[in-house]
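Have a look at the structure below before the remarks.
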Amino acid sequence: MERSPVTSRRGRRTRQGLGAAVAVVAAGALSITGLTGSAQAADVNVAKNAGFESGLANWTCSGGSGATVSSPVHGGTSALKATPAGQDNAQCTQTVAVKPNSTYALSSWVQGGYAYLGVTGTGTTDVSTWTPGSSSWSQLKTSFKTGANTTSVTVYTHGWYGQSAYFVDDLSVSGPDGGGGTDPGPVIPAAPAGLAVGATTASSVSLSWNAVSGATGYTVYKDGAKATTTTGNSATVTGLAANTAYQFTVSATNAAGESVKSATVSGRTAVGGGTDPGVPSTSVPKHAVTGYWQNFNNGATVQKLSDVPANYDIIAVSFADATTTPGAVTFNLDSAGLNGYTVDQFKADIKAKQAAGKNVIISVGGEKGSVSVNSDASATNFANSVYSLIQEYGFNGVDIDLENGVNSTYMTKALRSLSQKAGSGLVITMAPQTIDMQSTAGEYFKTALGIKDILTVVNMQYYNSGSMLGCDGKVYSQGSVDFLTALACIQLEGGLDPSQVGLGVPASTSGAGSGYVAPSVVNAALDCLAKGTGCGSFKPSKTYPGVRGAMTWSTNWDAKSGNAWSNAVGPHVHGLP
């Protein structure tokens, strides 16, 4: 086609003292002396590694009873899990520097079995508090005052003998700095990476991403608006419309604030009705007209998809763009060249065409489109990127128009992989040049035969080619009924089903350098193939009533000529037997 240039055991206690038990400082705990002075310090959390984000650093747990876990957590990515056993109540301690004659607020979040929180060595009255256990996070709180000569205290947490494990997170000893300082405050986390779409239904899209260090939660956005929040690195957005593409981003949050949003991904809901295909549900009629729609302005009529006449059954959006990733493609709507046509309008027009029973597909290639699928990696990249475009825009399928040639081995792999992702509704068309379909040994022909069970139609370009051999071995020149029928015969006799053969021609003399034929010639060639009438000097040995139809480059050049081509060829194709 012609493209415009443009993520130590403790002694056992009796149960009698359950509610007022005070733990003894674990053997070997180090005392950290603080500084005395008369000035009142600003309140800080003098506990270190209070959220257990650095494992058990600064903490000593009896009998190896403690460990850090990633779930459940109250904040951040880690919490303490301590498990009582036998004569061990799973006590974990930390000695912190405090200021004399000062008041401190002591708190922590706990979950699981019996959990105690307390402090010793205050120089005044040691305190503790406890809970018999809970299935969700609850906060223990108390306070204490230091004596005139107290420069350090020991904070502890423990469970109870014979009871289940307990969890602790986000402990705080808040008061004047005793000289030991505090852990650095939280910083705004980085943007989440690896955002990806998982399972979809007609009303939901599942998402996942890589966990972010320091994040305590995540916010998911749908089309720029807040959709849901979560403390994990996955979420399912519900309440969505069926068969609709949405844009998703996610941010990470903590006490310091919210990160910038992640890269955007697109996810499309299923069509509903109990099915979950990857592509919108439409069908190609027995006899169909294909038209290429230009995503650029090269002198033909500039169109929106909504401007494409109803005679076109398949609309091939031209073209996808190559990326720096081998085999991968993307699509960029030329809004400026299309008089301000927006992406939202474009997507809405695709849905409107589909509602009218039409198929809108993305074409890969064209005169200047160089996409190479020549390895397993590039085949995977091709399938994944095209499927991503299908999800984002709602395309019904893909057209292969690679005029720089194809590798049948890897293009076949790519298209089969895409079909497995997208489901049986996928439309696959091809637009090889005449030279590409002269022999079944050619790479394009081998690709077509290699995907025959999932191939919709091959619309060979019967133009810009000069003279070619027909299936009878004779040479035919472009621009005639014989050229169309004798070359189509090669495909029909070479293994393609008649429903997979279409005649590709220019819509006007401006649509190609050479090979234009009047719509009446196209109709005559179709009659010759389908019914055995209207033939020239070449007449096929049998008829092919199932021949699919015709294709043109382009709907824009057709519009430039008052839609003369589609007005003549469209009704004729639809009237074939």
Side-chain angles (χ1 to χ4, degrees), residues 1-2 284-294 300-301 303 305 307-316 318 353 356-361 363 399 401 427 429-431 434 456-465 478-488 491-492 498-512 514-536 540 543-577:
M1 302 302 173
E2 307 225 348
V284 177
K286 178 181 178 181
H287 299 295
V289 177
T290 301
Y292 285 80
W293 175 84
Q294 298 179 188
T301 299
Q303 291 182 314
L305 282 181
D307 298 326
V308 177
N311 278 318
Y312 289 99
D313 305 291
I314 302 174
I315 303 169
S318 311
K353 282 294 182 184
K358 311 302 179 182
N359 292 267
V360 183
I361 62 178
S363 182
D399 170 67
D401 183 19
V427 174
T429 69
M430 300 172 68
T434 52
T456 305
V457 62
V458 175
N459 292 305
M460 190 174 76
Q461 302 176 40
Y462 292 78
Y463 51 93
N464 293 340
S465 61
Q478 65 181 10
S480 65
V481 170
D482 289 336
F483 187 76
L484 301 178
T485 55
L487 270 67
Q491 300 170 63
L492 291 162
S499 67
Q500 296 173 319
V501 176
L503 307 180
V505 297
S508 70
T509 54
S510 300
S514 63
Y516 171 77
V517 293
S520 59
V521 175
V522 179
N523 291 343
L526 290 169
D527 286 343
C528 178
L529 295 170
K531 301 183 289 187
T533 62
C535 302
T543 59
Y544 308 93
V547 66
R548 180 66 82 174
M551 171 274 282
T552 196
W553 177 266
S554 62
T555 64
N556 306 75
W557 285 116
D558 186 25
K560 186 80 169 182
S561 299
N563 294 315
W565 188 89
S566 58
N567 286 339
V569 176
H572 196 85
V573 167
H574 298 141
L576 289 172

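From a predicted model like this one, the values you see are computed outputs, not experimental measurements.
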Next item on the list: Check each of Arg548, Gln500, Met430 against Thr456 using the side-chain contact (heavy atoms from CB on, under 4.5 Å) test, and report the only one that passes.
Entry: Arg548

Margin query: To the closest 0.5 Å, what do you measure between SG (Cys535) and CG (Leu529)?
Written below: 7.5 Å

Notebook entry, point to check: Do Trp293 and Val308 come close enough that some side-chain heavy atom pair is under 4.5 Å?
Noted result: yes

Item checked: Atom of Val547, atom of Ala530 and distance for their closest heavy-atom approach -> CG1-CB, 4.0 Å

Item checked: Heavy-atom check, side chain of Asn359 versus side chain of Asp313, under 4.5 Å -> no

Margin query: Could you go through Asp399 and Tyr292, starting from their C-alpha distance and side-chain angles, then the distance that decides it, and tell me whether this counts as side chain to side chain donor-acceptor pair (under 3.5 Å)?
Written below: CA-CA 10 Å; Asp399 170 67; Tyr292 285 80; 2.8 Å; yes

Check: What are the two closest heavy atoms between Leu492 and Pro498, and how far apart are they?
Finding: CD2-CA, 3.6 Å

Note to self: I'd like to know if the side chain of His287 reaches the main chain of Pro577, judged simply by a donor and an acceptor atom lying under 3.5 Å from each other, with no hydrogens or angles considered.
What the structure shows: yes

Checklist line | Thr552 side chain near Val569 side chain, heavy-atom distance below 4.5 Å | finding: no

Note to self: Please give me the minimum heavy-atom distance between Ala564 and Asp558, naming the atom from each residue.
What the structure shows: N-OD1, 3.3 Å

Notebook entry, point to check: Could you give the distance from OH (Tyr544) to CG (Leu526), rounded to the nearest 0.5 Å?
Noted result: 14.0 Å

Check: With side chains defined as the heavy atoms from C-beta onward, is the minimum distance between Pro540 and Cys528 less than 4.5 Å?
Finding: yes

Margin query: If I take atom NZ from residue Lys353 and atom CG from residue Leu305, how far apart are they, to the nearest 0.5 angstrom?
Written below: 7.5 Å

Notebook entry, point to check: Hey, mind stepping through Ser510 and Lys560 against side-chain contact (heavy atoms from CB on, under 4.5 Å) and telling me if it holds?
Noted result: CA-CA 9 Å; Ser510 300; Lys560 186 80 169 182; over 6 Å; no

Check: Do Met551 and Ile314 come close enough that some side-chain heavy atom pair is under 4.5 Å?
Finding: no

Item checked: Tyr463 OH to Gln478 CD distance, which is reported to the nearest 0.5 Å -> 11.0 Å

Checklist line | Worked verdict on Asn311 versus His574 for side-chain contact (heavy atoms from CB on, under 4.5 Å) | finding: CA-CA 9 Å; Asn311 278 318; His574 298 141; 4.3 Å; yes

Margin query: Tell me the closest heavy-atom pair linking Asn459 and Leu503, and the distance in Å.
Written below: OD1-N, 4.2 Å

Item checked: Closest contact, heavy atoms only, Asn563 versus Thr555 -> OD1-O, 4.5 Å

Next item on the list: Could you grab the distance from atom CH2 of Trp553 to atom CG of Asp401, nearest 0.5 Å is fine?
Entry: 7.5 Å

Notebook entry, point to check: Any side-chain heavy atom of Trp565 within less than 4.5 Å of one from Pro519?
Noted result: yes

Next item on the list: Check whether any side-chain heavy atom of His572 sits under 4.5 Å from a side-chain heavy atom of Val522, and report yes or no.
Entry: no

Next item on the list: Measure across Ser514 and Ser465 and return the closest heavy-atom pair with its distance rounded to 0.1 Å.
Entry: OG-N, 4.3 Å

Checklist line | Donor-acceptor contact present, side-chain Gln303 to main-chain Gln294, <3.5 Å | finding: no

Margin query: Quick check for you: to the nearest 0.5 Å, what is the distance between Ser554 atom OG and Tyr312 atom OH?
Written below: 7.5 Å

Notebook entry, point to check: Got Met460 and Val501 here, is their nearest side-chain heavy-atom distance under 4.5 Å?
Noted result: no

